[in-house]
Amino acid sequence: MTAIDNVKEMKKALRDKLKLSYGCTVEEANEAQMLRAAALVLRELMADREIASKRKTRETRARQVHYLSMEFLMGRSLMKNAYNLGVSDLLTKALEELGFRAADVFEAEPDAALGNGGLGRLAACYLDSMTTLDIPATGYSICYELGIFRQRIVDGQQVELPDDWKELGGAWLVIKPQETETVYFGGTLRRFWDSDQLHVVCEGATPVLAVPCDMEIAGYQTNHVNTLRLWDAKSPAPLDMSLFSQGEYLRAVEQHAMAETIAKVLYPEDNHYEGKSLRLKQQYFFVSATMQSIVRKHIEQYGSPLDFHEKNVIQINDTHPALVIPELMRIFMDDAGLSWDEAWNITRRSVAYTNHTVLAEALERWPQALMQTLLPRIWEIISEISHRWQKQVEDRYHDPRKTAEMAIIWDGQVRMANLCVAVCMAVNGVSALHSDILRRDLFRDACAMEPSKFLNVTNGVDHRRWLSEINPGLDALIRDLAGGDRYLMHPLELKKLERYAADDAVLARLGEIKRANKESFARYVKHTSGVSLNPDAIFDVQAKRLHEYKRQLLNVLHIIALYQRLQDDPNMELRPHTFLFGAKAAPGYAVAKRIIRLINSLADQIDNDPLCRDRLQVAFLENYRVSLAERLMPASEVSQQISLAGKEASGTGNMKFMMNGALTIGTLDGANVEMNEVLGDENMFLFGLHADEVERMKREGYMPQKLYARNETLHRVIDRLKLGFRDGVSYEDLAQRLLIDDEYMLLQDFDSYCAAERRVAEAYADARAWNRMSLLNVARSGIFAADRAVAEYADNIWHVPHR
Ligand code: 26W
């Protein structure tokens, strides 16, 4: 097996790759070229292991996990792979000795940003853990040409730019044309009998080629290597000019264009469904290619599809890949010749579904007409599943209301969540609270029919990346105090830090580490944007997608209140406070974009008011993304997790902040509830309505205008929105939204939020007490490691062994 054991070998390997792929010397190479050379060196280290891993899976006839997700938010890979392969020091030294600044080479790598936010990043963290736990697993998605847009702020407003990541990021991809699959769209169905067997064929369908672009995934301290398979879409044949004479030319051009657009761009909507036909094409494209390839390999090895479910488990990341259900049925029946009952038994036992949101506007419902024309056979199969399910529901409940609610096809729409709930062997939520809401509310009646299939797996994050790799200072402290690097494989070992909760020297060192991280982040921000952050101020951070339910606007309302207090009383005692925001808004989400503009207007106002100098600051961090989060988390002191209770399925940023010693100000929502269970009320800052209180108040009638009329502070804040700031932009629209509807109850939680912010400021005044809380946050963050979450999937859903 290829190995690199010292700096000399690493330098030679880099030189060789430069020569091979660019025909240049080290002296002639630039950072981008060196980056590609380094990627090739690491890929070579992984390639042997990947082959060996696959061979082992085959020989032991092991059950395999197939993780299907429309999004994998991988971020950068060079540092991560070097770290997992145990060569990060070697690589850094080799680069330096070859005359490069290693940091510049790492920085040259673009993020592979094939995802929007939580759901996509979760998939990336889980790939790392599945591999580290030696689970034979493959991730599947689309090889989008453009990932999530790059965000620029121009005159306070978001502008979207294309994210052309593949030019350099493609260095990690291995293209495998020999494993191409063909996916068919449209056409008309024809049935015929042939020796007692009914055949269904689809004629005149448009073929699209799915070409695998594989990314190798190395685990930590293991030789096991898994694969992330990204499908690229290609048109089958080059344009055939001879078709012109047959009048087919335009059709050929259309087909060609259709194929080439499928993998063009990631849909940038997060938690908001739009019934676009291109999106449905993307979903079927990657699902069909994936399932064809999995079934083909299964039959090659085992000879029969009948034991498919014993050797394979398909995990679907939300409903986006839900077409696996009818597609598996189709392959088993139409391609493998099984009966409906045989196909149904295998399919039901193979697929498990994770739900990631309860927001009604995020639930996928495809128009029947679209599905019928684009995927006629799939539509037929879904219809049959739907009929059978409906009968089951009627027999069980005899209740037309429930029949309507639980229906898969209703009112001209195909409801993907109901399809998954009806068919899958397991359905799980992503935090204890979220899973309870699924069982008690969203999927109540289906749950009563089959309670044992509704499970919880609280999310987790890759703590090797999100702590050890990005926060070397804290990593060194943990190694000193908690038994070296044991915590990297056993995250609960972080608990050992608790012994030092009263150790002044340790607490001081923790404070120094945070201070150094803040300074380094401030240097980075200065360098990249020109903005000076004051490292003496508390770094109070809200970084996540922009969505009304996440309530960035509540954060803004509080800052305005603070600013007005300062204006009223310029001599008030105010500890320096810097509020940082990072957020992308979906390009079509007008309100979210207005909130971004508001944050920038406020930042500008405060920045230009001498009253605020060195005391109050607001900064909007442009283009929030994985690689920026990696710099931000270690420097953060306060983590804002302030969604309306019951709306955030879990959150995973909350866990990353906690691991890096930030204290949480938050509602009892998503995984915050479980953070509160391990931390107690004394080590975080809770506020706001609980999920059940939200429900009750909504039922009984919530009237935001009353709060506005009664609450002097709130009144002034909202009036200030209307008035606007020094740039002359009025935010009357946002003010009206709060007064008329306030769907996410910002006004209701305003007072309690301000009180919690005051507790934060008071607590920060006592550095020792603060550092103690910070230490306890790190110490108790171990349960939020992705290794724990993946082990639970393996034990309770996949039934596969793991390390
Ligand atoms: C169809 C449009 C669309 C696109 C993405 C709908 C829904 C989504 C995702 C399911 C939204 C999402 O990312 N959900 C987040 O998933 C995280 C991982 O489980 C959770 O931590 C977040 O709370 C949840 O918002």
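Numbers here simply count residues along the sequence, with the first being 1. Numbering of ligands and ligand atoms starts at 1, following listing order. All figures in this text were calculated on a predicted structure; none of them were measured in a lab.
Side chain to side chain, N654 and Q641 fail the donor-acceptor criterion of an N or O pair below 3.5 Å.
For the pairing with Y589, the side chain to side chain donor-acceptor pair (under 3.5 Å) check across E548, Q158, R545 returns one residue only, E548.
Between F784 and W466, the distance separating the two ring centers is not shorter than 6.0 angstrom.
Y624 pairs by the ring pair (Phe, Tyr, Trp, His ring centres under 6.0 Å) definition with nothing, not counting sequence neighbours.
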Ligand 1: protein N/O within less than 3.5 Å of ligand N/O:
from: ligand 1; atom 1: 13 (O); to: L119; atom 2: N; distance (Å): 3.1
from: ligand 1; atom 1: 14 (N); to: H356; atom 2: O; distance (Å): 3.4
from: ligand 1; atom 1: 19 (O); to: H356; atom 2: ND1; distance (Å): 2.6
from: ligand 1; atom 1: 19 (O); to: N459; atom 2: OD1; distance (Å): 2.8
from: ligand 1; atom 1: 21 (O); to: N459; atom 2: OD1; distance (Å): 3.4
from: ligand 1; atom 1: 21 (O); to: G651; atom 2: N; distance (Å): 2.8
from: ligand 1; atom 1: 23 (O); to: E648; atom 2: OE1; distance (Å): 2.6
from: ligand 1; atom 1: 23 (O); to: A649; atom 2: N; distance (Å): 3.3
from: ligand 1; atom 1: 23 (O); to: S650; atom 2: N; distance (Å): 3.0
from: ligand 1; atom 1: 23 (O); to: G651; atom 2: N; distance (Å): 3.0
from: ligand 1; atom 1: 25 (O); to: N271; atom 2: ND2; distance (Å): 3.3
from: ligand 1; atom 1: 25 (O); to: Y549; atom 2: OH; distance (Å): 3.2
from: ligand 1; atom 1: 25 (O); to: E648; atom 2: OE1; distance (Å): 3.0

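Pairing each heavy atom of K584 with each of Q151, the nearest pair is CA-NE2, 3.8 Å.
Taking the side chain as every heavy atom from C-beta outward, M675 and R780 never approach each other to under 4.5 Å.
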